[in-house]
Amino acid sequence: MARMNMIQAINSAMDIMLERDPNTVIFGEDVGYFGGVFRCTAGLQKKYGDHRVFDSPIAEGGILATAVGMGVYGLRPVVEIQFADYIYPAFDQLVSEAARLRYRSGGEFWAPITVRSPCGGGIFGGQTHSQSPEAIFTHVCGLKTVIPSNPIDAKGLLIAAIEDDDPVVFFEPKRIYNGPFEGYHDRPLVPWSKHDLGEVPEGYYRIELGRAAIARAGSDVTVLAYGTMVHVALAGVAESGVDGEVIDLRTLMPLDIECIVASVKKTGRCVILHEATRFSGYGAELSAQVQEACFHHLEAPIERVAGWDTPYPHAFEWEYFPGPARVKRAIDKVMAG
Amino acid sequence: MTTKTPLKLHVPQPKARPGESPDFSSIVVPPAGSLRKPALDEPHHAIREHALGMIRVLDEQGDAIGEWDPKLSSEQLIRGLRHMLTTRIYDERMMKVQRQGKTSFYMKCTGEEAVAVAQAMALEPGDMLFPSYRQQGLLVARDWSLVDMMCQVYNNTKDRLKGRQLPIMYSVKEVGFFSISGNLGTQFPQAVGWAMASAMKGDTRIAASWVGDGTTAEADFHYALTFATVYRAPVILNVVNNQWAISSFQGFAGGEQTTFAARATGYGLPGLRVDGNDFLAVYAATKWAADRARDNRGPTLIELYTYRAAPHSTSDDPSAYRPDDEYQRWPLGDPIERLKQHLIRLGAWSDEQHAALTQELDDYVRAAQKEAESYGTLGVKPTSAASMFEDVFKEVPPHLIRQRQEAGV
């Protein structure tokens with residue numbers, strides 16, 4: 001075991017896969033010589049050479065397109081889109097090509113691509129470095145979508161994503177790269193080195209896609225969250241004083257609906273959190289599925305806590321970010337219901 | 001105070017519309033053999049005339065002229081003729097069956113047969129092809145089964161693509177023919193990625209891809225040329241300039257200002273502009289680009305100058321936007337007629353042999369049709385609907401198993 005923050009855990013996952021599988025290659029903007037703007041690929045080019053880890057032109061659509069071609073050849077490309085906010089030029093290659101290639105070719109061709117991309121707010125990144133576009137990708141048939149909330153999961157899930165023969169969009173909440181963020185912007189950051197989930201095995205291990213984790217067991221209310229919001233959920237539960245069960249979804253597609261349903265049937269209450277905008281957000285799908293499966297067990301209407309339906313405003317980071325106070329209000333409301 | 005001139009927007013217009021006489025007077029057709037054949041290591045700026053002029057081998061009499069003559073044997077030429085004729089007859093048959101309601105859609109490549117056939121013949125069997133939707137000649141030239149192609153067009157019980165794709169969106173991994181997308185241009189940078197992978201692995205195989213003149217406007221065209229030049233990918237990037245993108249003439253892709261081959265210059269690549277109806281020129285230019293790629297000298301952009309004699313698809317009516325007789329007046333003629341004439345000039349072919357071959361291929365295509373139809377036509381004996389839930393992911397996930405049960409298939 002070693003102390004790792006999320007950046008080191010993600011780096012370790014790629015290091016292990018480059019070592020284990022000669023077909024694994026990594027490329028993207030600034031990921032080669034420099035090691036990435038967040039340092040996630042630091043040292044990998046030096047260790048594996050510039051045929052395995054290399055810089056790309058600033059062309060997200062070109063990165064995804066060439067990754068599809070490499071995947072068809074038989075490689076296992078891991079590409080970095082520098083910020084989730086920049087993923088849209090690659091959208092056509094992801095949606096129309098990578099996601100549907102296996103289907104449209106009757107299973108003849110596929111592209112086992114992992115798209116890594118830092119997402120989310122809380123870093124004063126403004127509207128082009130703060131977005132959480134995960135719901136868009138979960139709507140696309142043929143894509144898997146993963147968002148880890150801690151170093152140990154990040155490494156195991158990334159290894160599973162790279163080994164997966166389907167294309168996987170792997171969002172990394174950049175606010176928690178260095179430490180869990182509970183949403184209190186005025187308190188000092190606790191680094192992962194002081195957190196149990198920063199204790200990461202050094203070798204190979206997988207965390208299977210499609211399995212949620214119970215971040216906190218409880219009996220009063222089920223709180224569904226992923227990424228940074230898992231930590232905000234824990235803070236919100238603590239503030240509310242109830243015995244909340246916090247489920248870290250980890251994988252949005254495929255979704256571990258059994259875990260969610262078992263919890264909501266037990267608690268009878270459900271609050272859904274995400275940083276992303278609310279309207280047609282991933283919470284809408286969660287809410288629909290929970291009421292379909294648990295309607296007769298629900299004691300109160302499902303509550304959603306999400307980003308406001310506006311672009312991410314630079315100067316109003318903390319008015320926008322759905323922090324623990326809003327989580328507490330939602331919990332109080334469902335508990336009163 | 002100076003008077004300011006009101007600004008004007010230029011909206012391109014083709015030379016002739018329905019009811020008008022076709023006008024190809026602006027097309028410069030240089031004599032066959034007028035461009036030299038450069039060495040493989042010549043820098044792109046030294047061969048700029050190849051991007052602006054036109055590589056031609058066959059002259060008006062059907063003789064092969066100049067350095068670009070690939071000097072193919074009569075057997076190779078007859079094979080090329082056979083593949084082009086097969087493609088044309090196949091297209092006519094499939095157009096008919098669409099009109100008979102046996103399938104929903106079809107796209108012919110009439111007048112453009114030399115592009116796919118000569119290019120496939122100039123490449124090695126292991127080279128990977130990333131086609132657009134009008135290169136069915138690649139499959140014919142790689143001796144792929146017409147029955148298998150028809151089964152896809154019919155979406156019948158033997159359709160390997162399980163009824164998921166629009167007719168003609170073939171996928172034949174066995175002969176290195178990549179799944180056709182239908183979203184234009186996406187395959188162009190994908191081919192570059194495949195070629196990069198081949199180079200990363202120290203392989204010897206190269207890639208080739210095709211887009212139309214209209215698709216050069218897509219971002220994927222720019223991605224492809226950028227990545228190809230940056231990594232010197234072993235790839236041949238082809239622009240089939242058939243003058244028309246559905247109803248939009250090539251002026252709407254920037255073709256009024258310069259040639260499509262000339263775009264290579266800005267990327268630091270050689271660009272070759274080729275008479276696309278000249279089988280020998282297409283073969284020779286492709287072979288030159290392939291040799292260059294195999295020699296680690298990187299990518300080449302080839303513009304194949306031709307004319308879309310067919311409608312865009314069975315859903316299109318070209319009489320609504322261009323003169324009906326444009327194809328008859330096309331200054332570069334018909335690729336099959338020109339190769340036939342060349343073979344006759346060589347003393348290797350005759351009108352009688354040509355008629356006999358046409359009859360033989362017609363019988364062959366009819367027999368293939370009969371067999372394909374025995375496996376069903378669209379909506380009649382289709383593939384099982386239960387298969388529509390497969391291949392979304394490698395393993396069918398629980399939510400799709402539930403949906404298949406709900407669908408009752």
Side-chain angles (χ1 to χ4, degrees), chain A residues 22-23 25 27 49-52 54-75 77 89-90 92-93 95-112 141-144 164-167 209-210 253-258 289, chain B residues 128 130 152 159-165 169-174 178-183 185-203 205 207 209 218-220 222-224 226-228 230-231 233 235 383 387-388 390-395 397-400:
Chain A
N23 288 324
V25 296
F27 66 106
D50 66 4
H51 277 48
R52 305 283 306 282
F54 54 91
D55 292 310
S56 78
I58 304 170
E60 292 78 12
I63 290 168
L64 254 296
T66 50
V68 170
M70 289 177 201
V72 168
Y73 180 91
L75 302 186
D92 188 40
Q93 286 285 345
V95 173
S96 311
E97 300 295 314
R100 298 211 297 258
L101 183 52
R102 186 190 297 280
Y103 193 78
R104 79 174 197 226
S105 69
E108 278 199 332
F109 294 105
W110 62 90
C141 316
L143 289 184
K144 294 178 178 172
D164 201 288
D165 284 336
D166 295 313
L209 307 187
M253 169 53 78
L255 174 66
D256 189 352
I257 188 66
E258 283 75 20
Q289 293 215 25
Chain B
M128 187 71 190
F130 288 80
Q152 196 282 322
D159 172 15
R160 290 178 301 99
L161 310 188
K162 307 177 191 178
R164 295 171 186 159
Q165 279 278 50
M169 302 289 176
Y170 310 110
S171 176
V172 189
K173 190 175 190 175
E174 202 176 318
F178 184 64
S179 156
I180 296 172
S181 171
N183 280 31
T186 50
Q187 72 281 4
F188 225 42
Q190 289 167 356
V192 175
W194 194 97
M196 287 169 68
S198 188
M200 285 151 80
K201 285 293 194 181
D203 199 340
R205 295 173 297 163
S209 187
E218 290 280 7
D220 284 300
H222 172 63
Y223 298 147
T226 301
F227 279 68
V230 166
Y231 301 104
V235 64
T383 191
S387 70
M388 76 176 159
E390 296 163 5
D391 300 323
V392 179
F393 297 97
K394 188 179 182 188
E395 314 286 345
H399 74 284
L400 287 182

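Throughout, a chain's letter reflects where its sequence line sits, starting with A, and its residues are numbered from 1.
Looking at B/T226, the atoms closer than 4.5 Å to chain A (heavy atoms on both sides) all sit in the side chain, from C-beta outward. In this structure, the portion of A/D55 lying under 4.5 Å from any heavy atom of chain B is its backbone and not its side chain. No part of A/Q289 comes within reach of chain B, as not one of its non-hydrogen atoms sits under 4.5 angstrom from that chain. Only the side chain of B/D220 comes within contact range of chain A, judged by heavy atoms closer than 4.5 Å. Residue A/P112 does not touch chain B at all, counting heavy-atom pairs closer than 4.5 Å. Of the atoms belonging to A/P167, not a single heavy atom falls under 4.5 Å from chain B. Residue B/V230 touches chain A through its side chain alone, counting heavy-atom pairs closer than 4.5 Å. Heavy atoms of A/A99 lying under 4.5 Å from chain B belong exclusively to its backbone. The parts of B/F178 that come within reach of chain A are both its backbone and its side chain, each placing non-hydrogen atoms under 4.5 angstrom from that chain. Contacts of A/N23 with chain B are made by both backbone and side-chain atoms, with heavy-atom separations under 4.5 Å. Contact of B/L400 with chain A is not made at all, since no heavy-atom distance falls under 4.5 Å. Residue contact with chain B, scored on non-hydrogen atoms closer than 4.5 Å, involves the backbone and the side chain of A/I63 alike.
Within the 4.5 Å cutoff, no side-chain heavy atoms of B/S181 are placed close to those of A/R100. Residues A/L75 and B/K201 have side chains in contact (heavy-atom distance under 4.5 Å, counting atoms from C-beta outward). Between A/Y73 and B/M200, every side-chain heavy-atom pair lies at or beyond the 4.5 Å cut-off. When side chains are defined from C-beta on, A/T66 counts as touching B/M196, because their heavy atoms get closer than 4.5 Å.
No side-chain N or O of B/S179 forms a donor-acceptor pair with one of A/E108 less than 3.5 Å apart.
Ranked by heavy-atom pairs shorter than 4.5 Å toward chain A, the options B/M128, B/K162, B/M169, B/R160 are led by B/R160.
Here the shortest heavy-atom pairing between B/F227 and A/S56 reads CE2-CB, 4.4 Å. Pairing each heavy atom of A/P57 with each of B/Y231, the nearest pair is CD-OH, 3.5 Å. Nearest heavy atoms, A/Q93 versus B/T186: NE2-O, 3.2 Å. Residues A/G107 and B/D391 share a closest heavy-atom pair of N-OD2, 3.9 Å. Here the closest non-hydrogen pair linking A/F109 and B/S171 is CE1-OG, 3.2 Å.
A donor-acceptor pair under 3.5 Å links the side-chain atoms of A/D166 to the main chain of B/K394, judged by distance alone. Looking at B/Y223, its side chain never comes within 3.5 Å of a backbone N or O of A/E60 through a donor-acceptor pair.
To the nearest 0.5 Å, atoms CZ (A/R102) and CD (B/E390) are separated by 12.0 Å.
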